[in-house]
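Below you'll find the structure, written out as C-alpha cells, and then a few comments.
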Amino acid sequence: MAKTLRETWYSPVFSSVLANRMEGLLLAGIGSLQLGLHLLGLPGWACPIRSTLGIPCPGCGLTDAIGELLHGHLEEALAIHAFAPVFLFVLLLMALAVLLPRQARTRFSEAIARLESRTGITAWVLSGLMFYWSVRLFGLV
Amino acid sequence: MWSFIGSALALVAGIVVLVRLFEKEGFLKGILGLICMLYTYIWGWMHAKDESLKIKNWMWIWTAAILLGIILNFIGQVTSDVTTDIIDALGGY
C-alpha cells in the first residue's frame, strides 16, 4: 500500500544513512575528498546535470560554498549556496557517526531517527532546498 | 566533443540509477539522490549486485564517464596553461 504523505514526510531518512557505516564512510570520505580537491584547485566530481544540460542541480555550488565557509567567509558562502552550513553540519555528523563504535553509532542513529520521526526535519530541509533551487533557477534570488 | 559525450553518458546513467533509487528507497531518499548525485552514485554501487535493479552496467558506464571527465578536465587545464605560457612567451596577443 502506498505511503501517505504524512508517513513519507516523517519517515527517517538521514538516520538510515548514518546507521549504515559503509554508506556513511563512502559519503563522508568522497565528500571530503571532493572538498579537498576543490580547495587545492584540482578537478573533481562534475555534476552530470550541469555539465551536460547547463542547468544547475539543487546541490550545485555546495562545494564552492562549503569551501568559502571553511575559509571563514560566511557571507560569500551564503551567496553561493544558502544551504552550505546545513550540509557542512551534515558532513560533520556523518564523519562523527563513522568514527563512533558500533553501539554508540546505533544509539546516535536511533536518536536522529526519533528526531526525524517527530519533526520531519529531513523532509523540511530537502523541500526547502528544492524550493530554494527553483527560486534560484528562475532568477528570483 | 568527448567531454560532452562523457557528461551525457554520466547523465543518462545517473538518471537510470536515480529512478531505481526513487523506486526502491522512496520519495525522500530519491530527492536526496537528486540533490546529491554523489549519494546516488554510492547507493548505485552498494546495490549493484542486486540483480532485480539491473544497474551494474549503468554503474560501470557512469564510472567510466566520470573518469573520462576528470582526465579530460585535467588535460584541458594543462593545455590551457601551456597555451597561456606560449602566448606570454610570444609577448601576448
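Numbered from 1 within each chain, the chains take letters A, B, ... in sequence-line order.
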Could you walk me through whether A:H81 and A:F87 pass the ring-ring contact (aromatic ring centres under 6.0 Å, His included) check? CA-CA 10 Å; A:H81 203 299; A:F87 274 78; 7.0 Å; no
* Residues B:W43, B:R20; criterion side-chain contact (heavy atoms from CB on, under 4.5 Å); working and verdict -> CA-CA 10 Å; B:W43 181 89; B:R20 300 284 194 277; 4.2 Å; yes
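Looking at B:L28, both its backbone and its side chain come within 4.5 Å of chain A, counting heavy atoms on both sides. Proximity to chain B (any heavy atom under 4.5 Å) is restricted, for A:L129, to the side chain, taken from C-beta onward. With a threshold of 4.5 angstrom between heavy atoms, B:W45 does not approach chain A through any atom at all. Residue contact with chain B, scored on non-hydrogen atoms closer than 4.5 Å, involves the backbone and the side chain of A:S11 alike. Heavy-atom distances place the side chain of B:M46, and not its backbone, under 4.5 Å from chain A. Using a 4.5 Å cut-off between heavy atoms, B:I35 touches chain A through backbone and side chain atoms alike. Of the atoms belonging to A:F14, not a single heavy atom falls under 4.5 Å from chain B. Contacts of A:L53 with chain B are made by side-chain atoms alone, with heavy-atom separations under 4.5 Å and no backbone atom involved. When heavy atoms are compared at a cutoff of 4.5 Å, A:W9 approaches chain B solely by way of its backbone atoms N, CA, C and O.
B:L21 contributes atom CG, which lies 8.0 Å from atom CG of B:L32 (distance to the nearest 0.5 angstrom).
Under a 3.5 Å cut-off, the side chain of A:S134 and the backbone N or O of A:M130 do form a donor-acceptor pair. The backbone N or O of A:L100 sits less than 3.5 Å from a side-chain atom of A:R21, completing a donor-acceptor pair.
Minimum interatomic distance between B:A48 and B:K56 (heavy atoms only, all atoms of both residues): O-CB, 3.7 Å.
Under 3.5 Å, the side chains of B:S52 and B:K24 contain no donor-acceptor pair of N or O atoms.
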